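Heads up, the thing below is written out as structure tokens.
Since the structure is predicted, the reported quantities are computational estimates derived from the model, not experimental observations.
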Amino acid sequence: MNIIRIHCNDEAVAASPPDLFGLMADVERFSIEVPSEVANVLAAGAPVFVGVSGGRDSQALAYRVCAHLDDIGHQGRRSLIHADLGRVDWRDSLPVCERLAQRLGVELIVVRRNAGDMMDRWLSRWTANVARYANLECVKLILPWSTAAQRFCTAELKSQVIAREMRRRFPEGDVVSAVGIRREESAKRARMPAWKQDERTTRKRGAGHTWNPLLGWRRGDVNDYVRIRGDELHEAYRLYGSTRVSCAFCVLGSEHDLRASSNCADNHAIYREMVALEATSTFSFQSHRWLGDVAPDLLDAGLRARLQEAKERARLRISAEARLPDHLLFVKGWPTVLPTPGEAALIAGVRRDVAQAVGLQVHHTDRDAVLVRYRELMTLARAKAVANDLPLHTEEGLQT
């Protein structure tokens, strides 16, 4: 029995055959949302890409979407697509996706970022941010990690590479990307629609469609559906008690999940590499938690000592940068104001203190050098504003 949600005038109503055998209660749990925009392109045979990470939501998504496509007689291509994050991934993630593809009899597409994996991205970001700070291209030193506000980890290593592969395989025609997000997961996801046009996969001769069919499912529904389909969950849940599967150590992970991950021997090497970047950069992996404090027994004496030193150096860095007045901090179009001679001297002093605390070699560390550099930056900013027809900033910071 296949129950879907048909959307009419922004309201969803259940559509199903009569409940002749008393099965409605269980089947209703596993109903999916199929907006008319999705139903129409599926009926026309649009290819469907089901995003799978190895987590339970993507397992349930793959089974349920393929069952729906079978029920409606979908004639288009269907594929599972997995973004490999490299050494930050749980070792079991790809095997779970491979097992899914084999059980469903569909192709599994594995995509990767060309410039390296997630750890490479954090390392290269740190190198670039140090160079920017050294050349006074930013007023405060920038952390290497992704954050809740800047999730370039998801954008660059998952969404972008998946969309690029979808466009490559289907340069024309509508394409559907099925995603396993659920309203229960967060307030933001609770506001997600069941369908939206996807700009990343929309081309001149074809639209991209993001489909979220499992929005109304609860965690128990997901677990039960995977079990009903005769499959088992990722080892992160079964063996280590994690509540979610993403990177082995996720910037959004709870302390419980970080500790769960640290209990898996496969994750120990990347754990040490990430803690080493904490020690080098003086930035904790999460704003409120040092990753090195999660499982310090996995670190050798040298790295534990470096981490403790990094915490003190971080305190000095934060204290130095706190001396900067708000009007000199980064805003769009920075720098928008030329510092006074006194402010330039302050900036230079902060830069010397930060460089000493973190162990960096930086330029522009006296008042006159800072003023010269700011004039250069403001000249460049004015040229960019003229080229893009944006408001201009004078050396006093007023728009013209």
Side-chain angles (χ1 to χ4, degrees), residues 51-55 81-98 108-135 137-138 141-168 200 236 244-253 257-258 261-262 264-287 289-292 294-295 298-300 302-303 306-307 310 314 358-361:
V52 290
S53 65
I81 189 162
H82 172 71
D84 185 350
L85 304 179
R87 55 198 192 272
V88 303
D89 252 338
W90 282 84
R91 193 69 57 87
D92 196 38
S93 294
L94 181 55
V96 168
C97 298
E98 291 171 336
L108 172 65
I109 303 166
V110 180
V111 294
R112 299 174 179 87
R113 176 176 173 264
N114 294 332
D117 68 11
M118 188 68 254
M119 191 67 216
D120 292 326
R121 179 65 177 93
W122 286 326
L123 290 167
S124 64
R125 175 177 160 89
W126 175 242
T127 299
N129 289 347
V130 167
R132 290 178 61 195
Y133 188 77
N135 201 35
E137 294 175 5
C138 52
L141 189 59
I142 302 171
L143 78 170
W145 311 110
S146 39
T147 66
Q150 290 187 315
R151 292 183 63 187
F152 58 84
C153 46
T154 298
E156 295 181 16
L157 278 90
K158 293 183 181 181
S159 303
Q160 291 178 13
V161 291
I162 287 174
R164 182 170 61 243
E165 182 64 14
M166 291 174 64
R167 294 193 305 267
R168 187 188 72 79
R200 297 165 300 189
R244 61 196 295 267
V245 170
S246 53
C247 294
F249 300 99
C250 176
V251 293
L252 302 180
D257 285 352
L258 296 177
S261 184
S262 72
C264 176
D266 290 337
N267 298 331
H268 291 177
I270 190 60
Y271 175 77
R272 296 184 184 104
E273 190 171 2
M274 293 171 69
V275 173
L277 182 53
E278 283 188 312
T280 298
S281 68
T282 74
F283 284 95
S284 60
F285 180 58
Q286 296 176 324
S287 61
R289 182 183 297 117
W290 292 82
L291 186 60
V294 169
L298 298 179
L299 310 176
D300 61 29
L303 186 49
R306 287 180 58 206
L307 183 66
V358 183
L360 307 178
Q361 296 292 323

Please lay out, stage by stage, how L360 and L141 fare under the test side-chain contact (heavy atoms from CB on, under 4.5 Å).
-> CA-CA 11 Å; L360 307 178; L141 189 59; 4.1 Å; yes
Heavy-atom pair of closest approach, residues [X] and [Y]:
X	Y	answer
D89	L85	OD2-N, 3.0 Å
V245	S93	CG1-OG, 4.0 Å
G116	R113	O-NH1, 3.0 Å
Q286	C250	NE2-O, 3.4 Å
C97	H82	SG-ND1, 3.5 Å
S262	L298	O-CD1, 3.7 Å

Would you say the side chains of W145 and S284 form a donor-acceptor pair under 3.5 Å?
->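 No pair is found: no donor N or O on one side chain lies under 3.5 Å from an acceptor on the other.
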To the nearest 0.5 Å, how far apart are [atom1] in [X] and [atom2] in [Y]?
X	Y	atom1	atom2	result
S146	L157	OG	CG	9.0 Å
T147	F152	OG1	CZ	7.5 Å
R200	Q160	CZ	CD	8.5 Å
R132	C138	CZ	SG	5.0 Å
L123	S281	CG	OG	10.0 Å
I270	C247	CD1	SG	9.0 Å

R289/F285 under side-chain contact (heavy atoms from CB on, under 4.5 Å): CA gap, chis, key distance, verdict | CA-CA 7 Å; R289 182 183 297 117; F285 180 58; over 6 Å; no
Just wondering, do S159 and T154 contact through their side chains at under 4.5 Å, heavy atoms?
->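 A side-chain contact exists here, since the closest heavy-atom pair is under 4.5 Å.
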Just jot down the ring pair (Phe, Tyr, Trp, His ring centres under 6.0 Å) partners of F249, sequence neighbours excluded, or say none.
-> Y271
Please identify each residue that fulfils ring pair (Phe, Tyr, Trp, His ring centres under 6.0 Å) with W290, with sequence neighbours left out.
->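 Ring pair (Phe, Tyr, Trp, His ring centres under 6.0 Å) check on W290 returns nothing, list empty.
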With sequence neighbours excluded, tell me which residues meet side chain to side chain donor-acceptor pair (under 3.5 Å) with [X].
X	result
R306	T280
E137	N135
W90	none

For V52, which of I81, L108, V110 qualifies under side-chain contact (heavy atoms from CB on, under 4.5 Å)?
-> L108
Could you tell me whether the side chain of [X] and the main chain of [Y] form a donor-acceptor pair under 3.5 Å?
X	Y	result
D84	G86	yes
E278	G292	yes
R125	L143	yes
S261	A248	yes

I would like to know whether D117 and V88 meet side-chain contact (heavy atoms from CB on, under 4.5 Å); could you show each step before the answer?
-> CA-CA 8 Å; D117 68 11; V88 303; 5.6 Å; no
If you look only at pairs with a residue in residues 144-160, which of them pass as a salt bridge (Lys or Arg N to Asp or Glu O under 4.0 Å), with sequence neighbours excluded?
->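 Salt bridge (Lys or Arg N to Asp or Glu O under 4.0 Å) check on residues 144-160 returns R121-E156.
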Take atom CZ of R272 as the centre, draw a 6.0 Å sphere, and report whether it contains more than 12 heavy atoms from other residues, nucleotides or ligands.
->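 Yes.
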